[in-house]
Chemist: 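This is the structure, below, for whatever I ask next.
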Amino acid sequence: MPRYHPSSIEPKWQEWWDAHGTFTTPRLPAGRKTYILDMFPYPSGDGLHVGHPEGYTATDIVARFERMRGTTVMHPMGFDAFGLPAEEHAIRTGTPPRESTERNIATFTRQLKMLGFSYDWGRVLATTDPEYVRWTQWIFLVLFDTWFDHATQKGRPIAELPIPAEVTAKGAGAIASYRDDHRLAYQSEAPVNWCPALGTVLANEEVIGGVSERGGHPVIRLPLRQWMLRITAYAERLETELAGLDWPASIKKLQCDWIGRSTGAEVDFFIPPASGADEAFAAWMSRRSESGYPSKPGADVLRIYTTRPDTLYGVTAMVIAPEHPLLDALTTTEQRPSIEAYREAASRKSDLDRTDLAREKTGVFTGSSVVHPLTGRPVPVWVADYVLASYGTGAIMAVPAHDERDYEFARSFGLDVVTVIEPMEGQASGNGLFAGEGRAIDSGPYTGLSTRDFIAKVGADLEATGLGRPATNYKLRDWLFSRQRFWGEPFPILHELDEAGHPTGSIRALEPHELPVSLPVLTDFKPGDTPDPPLSRSPADWLFVDRDGKRYRRETNTMPQWAGSCWYYLRFLDPHNTERFLDPAIEKAWMPVDLYIGGAEHAVLHLLYSRFWHKVLYDRGHVSHPEPFGKLVNQGMILGEMEFTGYRSPAGGWVSAEKHGDGDVASKVPHDQVEKHGEHFVLRDAPTTRVESRAYKMSKSRGNVVNPDQVVREFGADSLRLYEMFMGPLEATKPWSTSGVSGVRGFLDRCWRLVVDERADEIALAHQVSDTQPSDDDLRELHRTIDKVTRDIEGLSFNTAIARMMEFVNYCTPLDRRPRAILEPFVTILAPFAPHLAEELWQVLGKPAPVSIATWPAVDERWLKDDSVEIPVQVQGKLRGRVVVPADADADAMKAAAVADPKIAELLAGKTIVKVVAVPGRLVNFVIKG
RNA sequence: GCCGGAGUGGCGGAAUGGCAGACGCGGCGGACUCAAAAUCCGUUGCCCGCAAGGGCGUGUGGGUUCAAGUCCCACCUCCGGCACCA
């Protein structure tokens, strides 16, 4: 009768833990601490996906394991609840986003609790909670109040920003705008993708080929006032401080590439006047050698950035971006119409079009030339959209002979290709293009220098003559931080209005005590005819504010979804604090996060943004450690069940998979109609017809989504947890298999029967359970299991830990007597993996609950050693026999035992032994001759 | 194109340079049962062989080593990410 029924024991123990506060974390750790964090989910309307419990189970096992080892564990959960889906749902249905979000959070909470995770639910938060929004806005105020001091590489209060005398001279307004220009949070006109037909701004990835992804409506790029965060100021620290983190090398590299540091030189090319060019150039040169290189280029120079200043003598054109500020000035009258047309066309293209589709390079000659600073020769200036306005100086020197892109451009427009670098010996130089490093030729005084020496020398020379300087650039851009959306955090910023109600351009931040700025009540979430954010249609009593006799309008953009997830790990530590965002003593005690597990899709953005905010908070003294996440692990994706796909021709007959064409129709083939034939899978009834076998990403459209609720109903939460851990290595991508779940369920059933008498009417101990002393074999088996499971949890190798526990159960099942002395420790180590079952078995064994915080059993090293071992004997590297020797036998003893083996003796008879390799405890190998 | 990651039985996977295939699924056989399910026991890489035994095996081709799934070189396939950053 009392079979294993997860559906009754799981809710029972969840309620017990809840009622007893088993996993409540104290304010401050007592002794050793560990902070184990999951990437919190976006509560989508679809509910939990089987991908979520993968990482969550892994962290839960570690959290429970650490608790049992006496560590104080911080293991919280919350919700990243702002976001687009809720807003689009609101537009479609009129349901306020807060309502649908709260409903979704309730579903997620139910599902997470159903899986028995040991979160301290007293700390749960959602980024949409007004009290959370309050502190997100407060951190924005910190960013707004901070400037970056490049000399010390540190963020400092804006009040400490040195104001140049000439700015001070212009009065308070100039000082204020000088400050605004240096804040980490600043406003800027940035182009956005505006789709008039849809009445909304689109993200870059929502625009395909110049039209909207949905509906195919035209999209234009429109400059719009945006909030930006000066993450570029921290580029260097974000890169160098990666080194100390225990993160996967691949993630570090991804971040490093994203930051994209490069070194080279900036060089100014003189823009000559219409007449007297030579004299003007000479005068400019001499001015520059006295004044040095100015930090901002004047209107008389075109400033470029290059990573290869050693190719300066190979420049045959200058190319500037269509948005370059000097484009107008450089355009001659006769070229103006075509330049205008080009610029117009470029402005309509999204970034994606400009990069992805424009394989063939386009461009237009401006009609003007600039003067080469080293040769004094004129260089024609072109405009082309392969040069990006947002990188470097928005202008380049084109060296067709030594840069692939410039080479393509030169070929399209017939520009000269001048070779100035020769490959070092042994390197091949192909078709006039050589982008590698080498030795300079035809380069004036630099001829003969290697690339490295050339760059060093020319950098120094340019600096000495004021024509250029060595420079560093980053691919990383400042973070576009505003969205024209409703469902996000409002900015704590007011725009001053004049008498007529127009913005004066002056802004002021709210005081911390005025926070939070809550979202107004809107009934209409639909986008309008202009890119104005929905909040611009807020009721006047929200929108307009009077302060100190002045009238202000609130900022109506909202923050992006990333904002809330940038600091949630900090708020978890002190979630109910109404005085501060986080008590410093608490922060100091718990930070940094010791283990952070989540999907690799956040490898760059979330993790980079969080690190950036954290560093600002660190610089401003609000946190004590420069990095938030010490150790990071990415769980792999869980794919749908393996599928076989066959192809049918339009006529209906099967087509072998490797020959199928566009007209053929793919169809799913049941597993039992397929068999393996050599390298490939084929149809059982038509063995020459190959079928594809593959697991696909779970998606609604493919219909291969596995629902956790259903798995729990059918197999139980412990089975789901255990299966997800048993599938394979945590980091690997792996396909779902329902029979795999039932296999793991079978293991839990066997654990149950190990302890419980399944045939009794009431819950009772199995009659084999005994109080007798365990045998040596029993203890060996137990301690080896404890040892392996302990080490595997430490190494996050849950699949092999589970395999070892299965071996233990396989060992115990046939025993006539199962000593409690080995069953009880086993139940203890099972607890982190299958906590509900373990609690139940613990109770059946008559132990006081909860096993969840029982002491982790110690390994007795004595039982890890064998008295004797069976070792393989090889001849010529091939396995020829096995001998049993004492575990501590030395090489000679092993060799003697091997030679004594009749089979080995036979093989060695008449041969000369050239060498014997004997590794104690491992093997013996005879190398023979003759 | 560039950068990662991975290729091991029918399937998921295991293996500090030292017995390849632990553990699980699936298959096969047996016990229990009137029967079935459930459970328990055994077996299961491929080929030759009645057997004893032998041969072949970790994507392909080379190499290092007494010994390679593991290290080195070249290549193939799949998956993921990035994509004109001068």
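Because only heavy atoms are used, hydrogens play no part in the values below, and waters and symmetry mates are left out as well, while side chains stay in.
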Chemist: Please check if the side chain of A:Asp403 supplies one atom and the backbone of A:Ala398 the other of a donor-acceptor pair under 3.5 Å.
Modeler: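 A pair under 3.5 Å: no.
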Chemist: Distance between the C1' atoms of B:rG45 and B:rG57, in whole angstroms?
Modeler: 8 Å
Chemist: Please report the distance, rounded to the nearest Å, between CD in A:Gln255 and C1' in B:rG81.
Modeler: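 Between C1' of B:rG81 and CD of A:Gln255: 14 Å.
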Chemist: Measuring from the side chain of A:Ser739 (C-beta onward, heavy atoms only), which nucleotide among B:rA86, B:rC25, B:rC19 has the closest atom?
Modeler: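 Of B:rA86, B:rC25, B:rC19, B:rC25 is nearest to the side chain of A:Ser739.
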Chemist: Let's see if you can work this out: which of B:rA86, B:rA14, B:rC19 has an atom nearest to the side-chain heavy atoms of A:Leu879?
Modeler: B:rC19
Chemist: In whole angstrom, give me the gap between the C1' atoms of B:rU70 and B:rG21.
Modeler: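 Here B:rU70 and B:rG21 have their C1' atoms 15 Å from each other.
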Chemist: Considering every strand and a 4.0 Å limit on heavy-atom distances, what is the contact class for A:Ser737: base, sugar-phosphate, or nothing?
Modeler: nothing
Chemist: Is the NZ or CZ atom of A:Arg745 positioned over A:Phe715's six-membered ring, under 6.0 angstrom from the centre and within 45° of the axis?
Modeler: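 Cation-pi check for A:Arg745 and A:Phe715: fails.
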Chemist: Where the side chain of A:Asn925 is defined as all heavy atoms beyond and including C-beta, which of B:rG81, B:rG18, B:rC19 is the nearest nucleotide?
Modeler: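 Output: B:rG18.
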Chemist: Under 4.0 Å, heavy atoms only, any strand: does A:Lys475 hit a base, just the sugar-phosphate, or nothing?
Modeler: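 Contact class for A:Lys475: base.
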Chemist: Give me the distance, rounded to whole Å, that separates B:rG12 from B:rA20 when you measure between the P atoms they each carry.
Modeler: 22 Å
Chemist: Please tell me which of A:Arg880 and A:Gln876 maps to the more 5' nucleotide of RNA chain B, matching each residue to the nucleotide holding its nearest heavy atom.
Modeler: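 In this pair, the answer is A:Arg880.
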Chemist: Whole angstroms only, please: what is the CD-P distance between A:Glu870 and B:rG18?
Modeler: 18 Å
Chemist: Grab the CZ-C1' distance between A:Arg759 and B:rU33 for me, whole Å please.
Modeler: 13 Å
Chemist: Looking at the angle O4'-C1'-N9-C4 for a purine or O4'-C1'-N1-C2 for a pyrimidine, is B:rG7 syn or anti, with syn meaning within 90° of 0?
Modeler: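 It is anti.
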Chemist: Atom NZ of A:Lys878 to atom P of B:rG18: distance rounded to whole Å?
Modeler: 20 Å
Chemist: Starting from the 5' end of RNA chain B, give me the residue, A:Met806 or A:Pro735, whose nearest nucleotide shows up first.
Modeler: A:Pro735
Chemist: Are the side chain of A:Glu724 and the backbone N or O of A:Thr57 linked by a donor-acceptor pair below 3.5 Å?
Modeler: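 Answer holds: no.
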Chemist: Rounded to whole angstrom, note down the P distance from B:rG9 over to B:rG61.
Modeler: 15 Å
Chemist: B:rG18, B:rA14, B:rC40: which one has an atom nearest the side-chain heavy atoms of A:Thr813?
Modeler: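 That would be B:rC40.
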Chemist: Among B:rA83, B:rG10, B:rA14, which nucleotide sits nearest the side chain of A:Trp258?
Modeler: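 That would be B:rA83.
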Chemist: Kindly say whether, by distance alone, the side chain of A:Lys361 makes a donor-acceptor pair under 3.5 Å with the base of B:rC84?
Modeler: yes
Chemist: Would you mind telling me which of B:rA14, B:rU16, B:rA67 lies closest to the side-chain atoms of A:Arg922?
Modeler: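 Among the listed nucleotides, the one closest to the side chain of A:Arg922 is B:rU16.
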Chemist: Taking the six-membered ring of A:Tyr386 as reference, does the NZ or CZ atom of A:Lys361 fall below 6.0 Å from its centre and within a 45° cone about the axis?
Modeler: yes
Chemist: Between A:Arg303 (side chain only) and A:Gly394 (backbone N and O only), is there a donor and an acceptor less than 3.5 Å apart?
Modeler: no
Chemist: In whole angstrom, give me the gap between the C1' atoms of B:rC34 and B:rG53.
Modeler: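 Their C1' atoms lie roughly 45 Å apart.
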Chemist: I want to verify a distance call: between B:rU39, B:rG24, B:rA67, whose nearest atom is closest to the A:Phe726 side chain?
Modeler: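 Of all the options, the side chain of A:Phe726 is nearest to B:rG24.
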Chemist: Using atom P in both nucleotides, what's the gap between B:rU16 and B:rA6 to the nearest angstrom?
Modeler: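 Each nucleotide's P atom is 15 Å from the other's.
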Chemist: Select one nucleotide: of B:rC41, B:rG13, B:rC40, the one nearest the side-chain heavy atoms of A:Pro814.
Modeler: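 Given the options B:rC41, B:rG13, B:rC40, the side chain of A:Pro814 is closest to B:rC41.
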Chemist: Verify, without hydrogens or angle tests, whether A:Arg818 (side chain) and A:Leu754 (backbone) share a donor-acceptor contact under 3.5 angstrom.
Modeler: yes
Chemist: Side-chain N or O of A:Asn810 versus OP1/OP2 of B:rG24: is the shortest distance under 4.0 Å?
Modeler: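 So the side chain of A:Asn810 is within the cut-off, an N or O lying under 4.0 Å from OP1 or OP2 of B:rG24.
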Chemist: Heavy atoms from C-beta onward define the side chain here; which of B:rC11, B:rA86, B:rC66 lies closest to that of A:Val917?
Modeler: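 Output: B:rC66.
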Chemist: What is the distance, rounded to the nearest whole Å, between atom OH of A:Tyr723 and atom C1' of B:rG13?
Modeler: 11 Å
Chemist: Give a yes or no on whether the ring-centroid distance for A:Phe808 and A:Phe826 is below 6.0 angstrom.
Modeler: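 Centroid distance A:Phe808-A:Phe826: below 6.0 Å, so yes.
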Chemist: A:Lys734 NZ to B:rC79 C1': how many Å, rounded?
Modeler: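 Taking NZ of A:Lys734 and C1' of B:rC79, I get 14 Å after rounding.
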Chemist: Return the value, rounded to whole Å, for the distance between atom CE of A:Met637 and atom P of B:rG81.
Modeler: 7 Å
Chemist: Using whole Å, what does the distance between atom P of nucleotide B:rG4 and atom CG of A:Asn634 come to?
Modeler: 17 Å
